[in-house]
Structure formats: C-alpha cells, structure tokens
*Asks:* 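Provided herewith is a single structure, encoded as structure tokens, for subsequent inquiry.
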Amino acid sequence: MTSSADPMELAFAAAEAARKRGEVPVGAVVIAADGRVLAACGNDVEGASDPTAHAEILALRAAAKAVGEPRLSDCDLYVTLEPCAMCAAAIAHARIRRVVFAAYDPKGGGVEHGPRFFGQPTCHHRPEVVGGVQGARAEAMLKDFFADKRDKP
C-alpha cells in the first residue's frame, strides 16, 4: 500500500472511521523507511470484543504481517493519541524507529505520562518520540466523541 498523504492525516482518517463504528477515535499508521504505508488502523476494542485491539496494536500486527517479520526497526508509527503502556511495550518489542503522536494523554498515556515506558531501565528499545503533532485537533475529536456518549441515554 502506498500513499503520498501525510501519515498523520491517514491516522486521523483511521480515527474517524473508528468513531463512525462507535469506537474511541484513535488511529495509527505504520510507515516504512521508503514511505510505503504498511498499515492504517483504528481502534476496534468494542467491535472485536478485545481489550487489546488498540489502533497501535492492530497497526503493528498488520505491518509485521506485511513485511513478514516481527521487527519494524526501519518504520515509524503515527498515532492520534499518546500510546498507553500496553501499546508502548508493543512498540518497543516491534523496535519501531520513531513514534509521532498527536494528543497527550495525562490519564492513560504511557510514554510522556504514567509509567513513561521508554524511560524505564527494563525497556530494551527506545524509539524517538515526537508528541503534540496536531494535538488540539485530536483532543477536540476525543472530547466531541465522549460528549456525544454522555448526551446519549
């Protein structure tokens, strides 16, 4: 799969698709070193009845399958929300080169908040991390989603 679109735009498109399915609107995209889009996924926790079906996990699985190996050391991950600790661990195991995320997650984040997974001495791989890219846009998307949920009986 190839694309000339901005990877974060693809992540937002995956987040919007997840929202339309009733999922928390988080999207993730894995980009190969040559610019190919290896995977673009949105959350599917509710649809799959799987608490691990976060966008990042699904994108890492699809990208690893696409390249035929579990390590994605020349790949970058773009995601609309700071990864949680579970996703950060998967990112480390996949050996992702760089993580670019939009909104910070003070409550559930595991990269810049909470356990700060990549800073732990037991973390065997530390990707480059860039946070806050289009953060306000992602925050608005999440706030709107949860406001709609609260307004519905």
Side-chain angles (χ1 to χ4, degrees), residues 1-67 69-118 123 125-146:
M1 172 184 340
T2 60
S3 176
S4 60
D6 171 29
M8 191 58 84
E9 288 300 319
L10 297 173
F12 274 104
E16 178 59 23
R19 184 197 62 78
K20 287 179 178 175
R21 294 190 313 273
E23 301 283 345
V24 174
V26 177
V29 175
V30 177
I31 304 292
D34 64 5
R36 284 180 302 129
V37 177
L38 297 177
C41 300
N43 273 357
D44 196 30
V45 171
E46 302 301 326
S49 296
D50 179 354
T52 70
H54 290 196
E56 301 95 309
I57 300 289
L58 298 174
L60 292 172
R61 287 176 183 162
K65 186 172 183 176
V67 299
E69 62 181 80
R71 284 164 292 286
L72 303 167
S73 56
D74 291 333
C75 297
D76 298 336
L77 175 71
Y78 291 79
V79 61
T80 59
L81 182 64
E82 176 184 349
C84 69
M86 174 186 69
C87 292
I91 289 164
H93 283 283
R95 293 177 177 78
I96 288 289
R97 176 177 59 182
R98 180 179 332 133
V99 177
V100 180
F101 67 85
Y104 288 92
D105 187 356
K107 184 176 177 185
V111 175
E112 299 289 336
H113 295 88
R116 300 177 191 258
F117 189 85
F118 301 135
C123 181
H125 173 76
R126 293 169 179 82
E128 175 188 347
V129 176
V130 179
V133 177
Q134 297 189 49
R137 178 180 173 192
E139 287 175 23
M141 180 182 266
L142 288 160
K143 283 180 183 176
D144 289 348
F145 174 81
F146 287 111

*Asks:* If you compare all heavy atoms of Arg19 against all heavy atoms of Phe145, which two are closest, and at what distance to 0.1 Å?
*Replies:* CG-CD1, 3.8 Å
*Asks:* Who passes salt bridge (charged side-chain N to carboxylate O under 4.0 Å, His left out) against Glu9, sequence neighbours left out?
*Replies:*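 Applying salt bridge (charged side-chain N to carboxylate O under 4.0 Å, His left out) to Glu9 gives Arg137.
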*Asks:* For Arg95, give me all partners under side-chain contact (heavy atoms from CB on, under 4.5 Å), at least two apart in sequence or on another chain.
*Replies:*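 With sequence neighbours excluded, Arg95 shows a side-chain contact (heavy atoms from CB on, under 4.5 Å) to Arg71, Ser73, His124, His125, given in chain and number order.
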*Asks:* Quick one: salt bridge (charged side-chain N to carboxylate O under 4.0 Å, His left out) partners of Glu46, sequence neighbours excluded?
*Replies:* none
*Asks:* Please determine whether side chain to side chain contact (heavy atoms under 4.5 Å, CB included) holds for the pair Glu56 and Ile96, giving the CA-CA distance in whole Å, both sets of side-chain angles, and the decisive distance to 0.1 Å.
*Replies:* CA-CA 11 Å; Glu56 301 95 309; Ile96 288 289; over 6 Å; no
*Asks:* Go through it in stages, so that I can follow the logic: the residues are Val67 and Leu38, the test is side chain to side chain contact (heavy atoms under 4.5 Å, CB included), and I'd like the CA-CA distance, side-chain angles, deciding distance and then a yes or no.
*Replies:* CA-CA 8 Å; Val67 299; Leu38 297 177; 3.7 Å; yes
*Asks:* Is there a side-chain contact between Val79 and His54 in this structure, where contact means two heavy atoms from C-beta onward sitting under 4.5 Å apart?
*Replies:* no
*Asks:* Ala33: which residues meet the side-chain contact (heavy atoms from CB on, under 4.5 Å) condition with it, sequence neighbours left out?
*Replies:*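 With sequence neighbours excluded, Ala33 shows a side-chain contact (heavy atoms from CB on, under 4.5 Å) to Asp74, Arg97, given in chain and number order.
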*Asks:* So does Glu128 get a backbone contact from the side chain of Arg98, meaning a donor-acceptor N/O pair under 3.5 Å?
*Replies:* no
*Asks:* Specify the closest pair of heavy atoms between Gln134 and Asp6, including all atoms of both residues, with the distance to one decimal.
*Replies:*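 So the minimum-distance heavy-atom pair works out to NE2-OD2, 3.9 Å.
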*Asks:* In chain order, what residues pass the side-chain contact (heavy atoms from CB on, under 4.5 Å) check against Asp50, with sequence neighbours excluded?
*Replies:*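 With neighbours one apart ignored, the set is Ala48, Thr52, Ala53, Arg61.
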*Asks:* Distance from Leu10 atom CG to Cys41 atom SG, nearest 0.5 Å?
*Replies:*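 Result: 11.5 Å between the selected atoms.
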*Asks:* For residues 84-94, please give each side-chain donor-acceptor pair under 3.5 Å, one per line with the distance, not counting sequence neighbours.
*Replies:*
none

*Asks:* Taking side chain as C-beta onward, heavy atoms only, is Val37 less than 4.5 Å from Ile31?
*Replies:* yes
*Asks:* Using atom types as modelled and distance alone, determine if a side-chain donor or acceptor of Glu112 lies under 3.5 Å from a backbone N or O of Glu82.
*Replies:*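 Such a contact is absent between Glu112 side chain and Glu82 backbone.
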*Asks:* Do you know which two heavy atoms are closest between Gly109 and Pro115, and how far apart they sit?
*Replies:*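 Result for this residue pair: O-CD, 3.8 Å.
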*Asks:* Might you point out which heavy atoms bring Ala102 and Ala138 nearest each other, and give the distance in Å?
*Replies:* CB-CB, 3.6 Å
*Asks:* In Å and rounded to the nearest 0.5 Å, what is the CZ to SG distance from Phe118 to Cys123?
*Replies:*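 Answer rounded to 0.5 Å: 6.0 Å.
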*Asks:* So Asp76 and Val100, do their side chains get closer than 4.5 Å, heavy atoms only?
*Replies:* no
*Asks:* Does any non-hydrogen side-chain atom of Leu142 lie less than 4.5 Å from one of Thr80?
*Replies:* no
*Asks:* Look at the side chain of Asn43 and the backbone N and O of Ala55, then say whether any donor-acceptor pair between them is shorter than 3.5 Å.
*Replies:*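 Side chain of Asn43 to backbone of Ala55, a donor-acceptor pair under 3.5 Å: yes, one is there.
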*Asks:* What pair of heavy atoms forms the shortest contact from Leu81 to Tyr104, and how long is it?
*Replies:*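 For Leu81 versus Tyr104, the nearest heavy atoms are CD1-O, 4.1 Å.
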*Asks:* If you look at every heavy atom in Val29 and Ala40, which pair is closest and at what distance?
*Replies:*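 Shortest heavy-atom separation between Val29 and Ala40 comes out as CG2-CB, 3.9 Å.
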*Asks:* Side chains of His113 and Asp105, heavy atoms from C-beta outward: is any pair under 4.5 Å?
*Replies:* no
